Amino acid sequence: MPELPEVETVRRGLAPVMEGAVITAVEARRADLRFPFPERFAERLAGRRIAAMGRRAKYLTADLDDGTVLVMHLGMSGSFRIEVTGESSLPGVFHHDRSKQAAHDHVLFHLDHPNHGKVRAIYNDPRRFGFMDLIARSGFDQHPFFRDLGIEPTGNALSADYLAARFAGKRTPLKAALLDQKLVAGLGNIYVCEALHGAGLSPKRLAGSLTTKNGRPSKHLAPLTDEIRKVIARAIEAGGSSLRDHRQADGSLGYFQHQFAVYDREGEPCPKPGCGGTVRRIVQSGRSTFHCPSCQR
DNA sequence: ATCATGACCTGTTAGC
DNA sequence: TGCTAACAGGTCATGA
């Protein structure tokens, strides 16, 4: 499910109830998700206070008061929801039908928050491609999860020069290059399709074709960085995209899917003014790519 | 080294 | 209506 904007939306939803809260208990209802939970997972979390909720690429992090970091990845279908347990006064908290989602509730974090009282954060993940781990804050950047990750697409590091350096000599299609978390971390299938359409670049074009002989950026790279930055920012603003199950932590739906130009719009007219093309679906590296062959060259 | 592919799992939907 | 096949936001291990 979640690319960077969805994970960031989850982080923003969890932060108000998790930051500053003490974890009173954790229930892991099975031994593994994609990977086994770390040794003594629940015991190591119990009693810890959460100092801050963070995000790196598509990873959610919770910094604990003992120097460990709870790392969480939502995989394809992971989501969180918040439930108030007592007479807590959280405006707009998700009042859901518990029986509906309980089937795949795998981890329950029981929290005690100084302002909100007793609250639970519940991790649900039907496909179980998500995972959780505990690592040391001191070794965070060197940890295998994070060591090889590329830059965040939201910050100043993303530039035409950066992409030119990383694309140089690459024979892989632009679509695959942008999905590679070692180059730009956090982009996924939706937002790569959208950014390439915005930039008017074909997903089939070889990444290396966007650099000049001496490794300088071609004229297409500045617009591409702009489109990446823009689509990610707009999607975060919209609370992410709700294709089937992504929700904000308060239960409301993200609505960026209504702004897709090409993703999941096969057969529809290209929305670019004056283009007149038709959105097509192709398969690249085993995954759907949506693009407009008329205006993406 | 680089790249494309299948595997991991379950749920939903398109098509017959 | 009911069955089956294809497909889904991600990543990792494989083999060419």
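The figures here come from the full heavy-atom set of this structure, side chains too, leaving out hydrogens, waters and symmetry mates. Note that the coordinates shown come from a computational prediction; the quantities given were computed from them, not determined experimentally. Protein chains get the first letters and strands the later ones, always in sequence-line order, with residue 1 at the start of each.
- Closest approach to the A:H104 side chain among B:dC3, C:dG10, B:dG11 is made by B:dG11 (side chain taken as heavy atoms from C-beta onward).
- Within 6.0 Å of NZ on A:K204 lie no more than 12 heavy atoms contributed by other residues, nucleotides or ligands.
- For the pair A:D125 CG and B:dT10 P, the computed distance is 11 Å after rounding to whole Å.
- Proximity note for A:A176 (side chain, C-beta onward) versus C:dA8, B:dA4, B:dT10: the nearest is B:dA4.
- Evaluation of A:F129 against the base of B:dC8 yields a stacking contact (centre distance < 5.5 Å, interplanar angle < 30°).
- With B:dA4, B:dT10, C:dA8 as the candidates, the nucleotide lying closest to the side chain of A:S285 is B:dA4.
- Checked by distance alone, A:R127 brings a side-chain donor or acceptor within 3.5 Å of a matching partner on the base of C:dA8.
- Using modelled atom types, one side-chain atom of A:D65 and one backbone atom of A:R49 make a donor-acceptor pair closer than 3.5 Å.
- Taking atom CG of residue A:L60 and atom P of nucleotide C:dT11, one finds them 13 Å apart after rounding to whole Å.
- In this structure, A:L60 is not a member of the same hydrophobic cluster as A:F131, with clusters built from ILVMFWY side-chain heavy atoms closer than 4.5 Å.
- Using a 4.5 Å cut-off on side-chain heavy atoms (C-beta onward), A:H113 and A:P16 make no contact.
- Side-chain nitrogen and oxygen atoms of A:K170 include none within less than 4.0 Å of the OP1 or OP2 phosphate oxygen of B:dT2.
- In terms of modelled atom types and a separation under 3.5 Å, the side chain of A:K58 and the main chain of A:L187 share a donor-acceptor contact.
- Distances shorter than 4.0 Å separate some side-chain N or O of A:R281 from OP1 or OP2 on C:dC7.
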Name each donor-acceptor pair under 3.5 Å that joins a side chain in residues 254-262 of chain A to protein atoms two or more places apart or in another chain, with its distance.
| unit_1 | atom_1 | unit_2 | atom_2 | d |
| --- | --- | --- | --- | --- |
| A:Q257 | OE1 | A:S242 | N | 2.8 |
| A:Q257 | NE2 | A:G254 | O | 3.1 |
| A:Q259 | OE1 | A:R234 | NH2 | 2.8 |

Pick out the pairs of N or O atoms, protein on one side and nucleotides 12-16 of chain C on the other, that lie under 3.5 Å.
| unit_1 | atom_1 | unit_2 | atom_2 | d |
| --- | --- | --- | --- | --- |
| C:dC12 | O4' | A:R34 | NH2 | 2.8 |

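- Within 4.0 Å (heavy atoms only), A:P144 reaches no atom of the nucleic acid at all.
- Counting non-hydrogen atoms under 4.0 angstrom, A:Q181 reaches the backbone sugars and phosphates but no base.
- Side chain of A:E194 to backbone of A:V231: no donor-acceptor contact under 3.5 angstrom is found.
- Judged by distance alone, the side chain of A:R229 and the main-chain N or O of A:G155 form a donor-acceptor pair under 3.5 Å.
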Problem set entry | Pairing string, 5' to 3', for DNA chain B - Watson-Crick or wobble contacts under 3.5 Å, brackets [ ] where pairs cross, | to another strand | .|||||||.|||||||
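- Within the structure, every side-chain polar atom (N or O) of A:S77 is placed at least 4.0 Å from both OP1 and OP2 of B:dC9.
- Around CG of A:N214, the count of heavy atoms belonging to other residues, nucleotides or ligands within 6.0 Å exceeds 12.
- Taking atom CG of residue A:L179 and atom P of nucleotide B:dA4, one finds them 11 Å apart after rounding to whole Å.
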